[in-house]
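Here is the structure we will look at.
The shown structure was predicted, so the numbers you read here are calculated from the model rather than taken from an experiment. In this chain, residues are counted from 1 in sequence order. As the structure lists them, so they are numbered: ligands from 1, and atoms in each ligand from 1.
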Amino acid sequence: MLWHTNLLLLAATAQAHYKFSKLVINGVPEAKEWTAVRQTKSYQSNQGVDNVSSPDMRCFQRQPGTATARVATGEKLGFAASAEVNHIGPVSFYMAKVPEGANINTWEPAGKVFFKVGAIDAVGAPKLTSTAATWPAYTKKIVDFTVPKALPNGKYIVRVESIALHQASYKGGAQIYLACGQVEVTGGGNGKPSPLVAFPGAYNADDPGLSWSYYPVRTSYTAPGPPVWHG
Ligand SMILES: *[C@@H]1O[C@H](CO)[C@@H](O)[C@H](O)[C@H]1NC(C)=O
């Protein structure tokens, strides 16, 4: 029966989406959603952003922040997904330093303020049949990176971004799942994070890293955006 099939499809679609609603420090997620993560417009729908020129690419923000987590350099910082990351594609992490004297809850990270600080990229040549081996973020519920020792102390916005490529065989088909958290970094160094990029601005809808091909299947993949700053 047709209605039955449609219901199953709807269920599958709903499960396929996710949001990053909790910060995770050293593997331990926050107790409640939207604590040190600014609530996103996807808080109910779990949708991604598909227009990389939209201001939603910055933080997809619905509400200002309410709390700031503490993390030391050398520790693991990341986000928990409301469901697992169940689309093929890379996960990247960006940070932006909150200026001295600014209110971290309301500071808008506009302009060239973000540097890439972590990435869970494709391993080797992507193959359609080995999603877990090729895309290490696939099926993960927690994605994280190590805060570089050279990162200066201070307050930062930390932005997670999961690029879902499963429908990216047409332009604008990539779905970007993202959120911004708020952290105070301690134990830091004297590094100068670079290069700095803006969201929107860092990506273009024509970037090869925002497209995918099943046939012929892509044999190499590089995520869009700047290289990772390792400190
Ligand atoms: C994408 O966002 C930009 C900036 O808001 C807007 O000018 C453009 O019309 C949008 N494109 C689409 C296809 O919605």
Margin query: Protein heavy atoms near atom 2 (O) of ligand 1, is at least one of them under 4.0 angstrom away?
Written below: yes

Item checked: Between T134 and Y221, a side-chain donor and acceptor under 3.5 Å -> no

Notebook entry, point to check: In terms of atom number and element, which parts of ligand 1 are under 4.0 angstrom from non-hydrogen atoms of P55?
Noted result: 5 (O)

Margin query: Count I, L, V, M, F, W, Y as connected when their side-chain heavy atoms are under 4.5 Å apart, and connections chain through other members. Are W34 and I142 then in the same cluster?
Written below: no

Next item on the list: For a salt bridge (Lys or Arg N to Asp or Glu O under 4.0 Å) with K171, tell me which candidate from D50, D207, D206 qualifies.
Entry: D206

Notebook entry, point to check: Looking at atom 14 (O) of ligand 1, what's its closest protein heavy atom, distance included?
Noted result: N51 ND2, 3.5 Å

Notebook entry, point to check: Any idea which protein heavy atom is nearest atom 4 (C) of ligand 1, and the distance to it?
Noted result: S53 O, 3.5 Å

Margin query: Tell me if a side-chain donor or acceptor on N190 pairs with a main-chain N or O of P152 at a distance below 3.5 Å.
Written below: no

